[in-house]
Each structure stands twice: as structure tokens, then as C-alpha cells.
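These notes are about the structure you will find just below.
Side chains are part of it too, since the values below use all heavy atoms of this structure and drop only hydrogens, waters and symmetry mates. Residue numbers start from 1 in every chain, and the chains themselves are labelled A, B, ... in the order their sequence lines are given, proteins ahead of strands. Since we're looking at a predicted model, the values are computed, not measured.
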Amino acid sequence: MLATARTVPDVLVFIASAAIILGGAVGVVASKNPVHSALNLIATLIGIALAFVEQEANFLAAVQIIVYAGAIVILFLFVIMFLGVDRNESIRLEPLAGQRPLAVGAVAVVTGGLIALMAAGGWYSGATTVIAPTDPSNDVGALGKVIFTTYLFAFEATALLLIIAVVGAVLLARRPPASLDAAQRADDRDVAVGEELT
Amino acid sequence: MTIPAAWYLIVSALLFGIGATGVLVRRNALVMFMCIELMLNAANLALVTFARVLHDVGGQATVFFVLVVAAAEVTVGLGIVVAIFRTRHSAVVDDLHELQG
């Protein structure tokens, strides 16, 4: 009795999260304007966070909102505005003939296979490598214990990865040194003069 | 929690399919990046679902690392987009055809 009483809200939350996730994802792909794509991406991420909460991964839901919606999408929006590419793109234009139907067909085949696998799979195969049981009341504690013991090396490696990413981003995005820039401009001028002469 | 795992896994598969379609169909590099994020999130959803079903918090730990890698990937990727935009004045991947014979 209690189980059936709990089922209805669970199903409603699931339907809501699935609708937000898939609606947002379609919006990302179908929006002409990159800014609208980014905003639809936020909707998808919030739907994923809702699904995380429903599955008792509360810490990951919070991290999902903070890191993804708060940092990554804002970075996307920042770059879109910075580059000034926030104008509409002609989605209808198809530069490579037949590429689009082929892509959609291939993705449909792969997704159909995935869905068949997911729906039919018996996942209770007797897990023998359980690292730590999930604990709905204390998922932060369980997750922290696992990250700082079993996955300690991977955790330290992520620190290195983030350092490399920051240095790489700074190197990639900074302007070339002024002397090099001036030489480039001089080259351009020479070319322009040469073109005028010929 | 009475929702079967298969329901969440099917949503995850659909999300992955939509993201893959976007990467293959769209030509704006920034939107392609967003579609890669969609695919990463599909994997995250599947991992959390498996963590719940198999009672193993290792799946959630993997999601944590996926988040870190996604942040690093976006940082470097957007840096590359900015660098390309400086020289080509375009964020459309079809304009990058210097290696074409």
C-alpha cells in the first residue's frame, strides 16, 4: 500500500525530468541562435539534476547545477558574446549533399540498438566488485570516502588535468605578442602594396 | 524508489542520440560542443542509474570525475574556438578546409 502511494509522485517526477531533459536537448540541436541553444542546455542540465535527486544522488545534483549550469554554460555564453556569433544560422543549408539524412539514419540505428539493450538488459547480474554501498541518507559521506581512498590517484590526476587545462586555455586564447603582431601587419601591408602594383 | 532502471536508461539513450545527431548535423563549433555536453550528460545519467540499481557508489564517483573532465574539455575547447576565430573570423567548421587537397 505504501509502495503504491509512493509510486505516483515518483512517476510524475520521472515524467517531468524526462520531458525537461529531452525537450531541452531537442532545443539545443534545433535552435538557430547559439544563445538559445545554451539556454536550452541549461534546461537539460536542470532536468538531469532532477533525475539525480530522484535517484538519491543529492550531492551530484547540486554539483551538476553549480558546475554545469553555473560555470560551463556561462563560459559558453561568455564565448558566444565575446565572439559575436550570436546571430542566427541558416540551419536549412546543407553543404554536403546527403550527409544529414545519412547522419540521422545512423544515429537512429545506434539509438535503437541502445534502447533495445537498455530495455532488455537484466542488470542484476550479481555485482561482485561493490566498492561501497550507496547510502541515501549520507551520499556525500559515502562519495567522499570513496573518492579519497579508492579513487585517490584519479582524484589527484584531475588536479593535474585542471592545471593543464587552465594553462592551455590561457596560451590558446591570449593575443600573440605585439612584435609578432606588428610583423604580421607589415606582411599584410606588403602584400596589399604588391597587389596594387600588379 | 520504484522507478525501474530501464526507464532512466532509455531516457539516457535518447539523450545520447539527440546529442550525436547535433554533433553530426550542426556546423557551428559552439553548438557542437554543447551537443558533446549532452552526450556526456547522457552517460552521467546512466552511471547514476547503475549506481542506484547495483548499490555501488563507484558509479557516482565516476560521474564526479566526468564532471571534472568535462570542465577541462570545455575550457580548452573554447580556447581553441577563440584562437580559430581570431584567424578565420568564423566559428563555422565548414570554413576550416585548409587541409583539403
What residue in [options] has the most heavy-atom pairs under 4.5 Å with chain B?
options: G113(A), A38(A), A18(A); value: A38(A)
options: A157(A), G24(A), A165(A); value: A165(A)
options: L171(A), V67(A), I164(A), L75(A); value: L75(A)
options: L41(A), T111(A), L60(A); value: L60(A)
options: A106(A), S17(A), G144(A), S37(A); value: S37(A)

Verify the cluster assignment for [X] and [Y]: are they in a single hydrophobic cluster under the rule of side-chain heavy atoms below 4.5 Å apart?
X: L161(A); Y: F33(B); value: no
X: V82(B); Y: V170(A); value: no
X: M81(A); Y: L39(A); value: yes
X: I163(A); Y: I80(B); value: no
X: Y151(A); Y: L160(A); value: no

Return yes if some donor-acceptor pair links the side-chain N/O of Q99(A) with the main-chain N/O of L24(B) below 3.5 Å, else return no. yes

Under 3.5 Å: donor-acceptor pair, side chain of R52(B), backbone of A57(A): no

Counting heavy-atom pairs under 4.5 Å to chain A, which of [options] comes out on top?
options: L30(B), T75(B), L78(B); answer: L78(B)
options: I84(B), V68(B), V69(B); answer: V68(B)
options: V76(B), T62(B), L38(B); answer: L38(B)

What heavy-atom pair brings [X] and [Y] nearest, and what distance separates the two atoms?
X: L114(A); Y: A13(B); value: CB-CB, 3.9 Å
X: L162(A); Y: A72(B); value: CD2-CB, 4.3 Å
X: A25(A); Y: L15(B); value: CB-CD1, 3.4 Å
X: A61(B); Y: L143(A); value: N-CD1, 3.4 Å
X: R26(B); Y: K32(A); value: NH2-O, 3.9 Å

To the nearest 0.5 Å, what is the distance between [atom1] ([X]) and [atom2] ([Y])?
X: W7(B); Y: I15(A); atom1: CH2; atom2: CD1; answer: 7.0 Å
X: F76(A); Y: E37(B); atom1: CZ; atom2: CD; answer: 5.0 Å
X: M34(B); Y: I80(A); atom1: CE; atom2: CD1; answer: 4.0 Å

Tell me, side chain or backbone of V28(A) under 4.5 Å from chain B's heavy atoms, or both, or neither? both

So which part of A142(A) gets closer than 4.5 Å to some heavy atom of chain B, the side chain, the backbone, both or neither? both

Can you tell me if Y68(A) has over 12 outside heavy atoms packed within less than 6.0 Å of its OH?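 Yes, the 6.0 Å shell around OH holds more than 12 heavy atoms from other groups.
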
Any side-chain heavy atom of L45(B) sitting closer than 4.5 Å to one from Q55(A)?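 Side-chain contact under 4.5 Å: yes.
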
So do the side chains of V29(A) and V25(B) get within less than 4.5 Å of each other, counting heavy atoms only? no

Structural part of V23(B) lying under 4.5 Å from a heavy atom of chain A: neither

Could you tell me how the ring of F64(B) sits relative to the ring of F155(A): parallel (under 30°), tilted (30 to 60°) or perpendicular (over 60°)? parallel

How are the rings of F14(A) and Y8(B) set to each other: parallel, tilted or perpendicular (split at 30° and 60°)? perpendicular

Scan L14(B), V11(B), N41(B) and name whichever one has a side-chain contact (heavy atoms from CB on, under 4.5 Å) with I21(A).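 Testing each of L14(B), V11(B), N41(B) against I21(A), the sole residue satisfying side-chain contact (heavy atoms from CB on, under 4.5 Å) is V11(B).
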
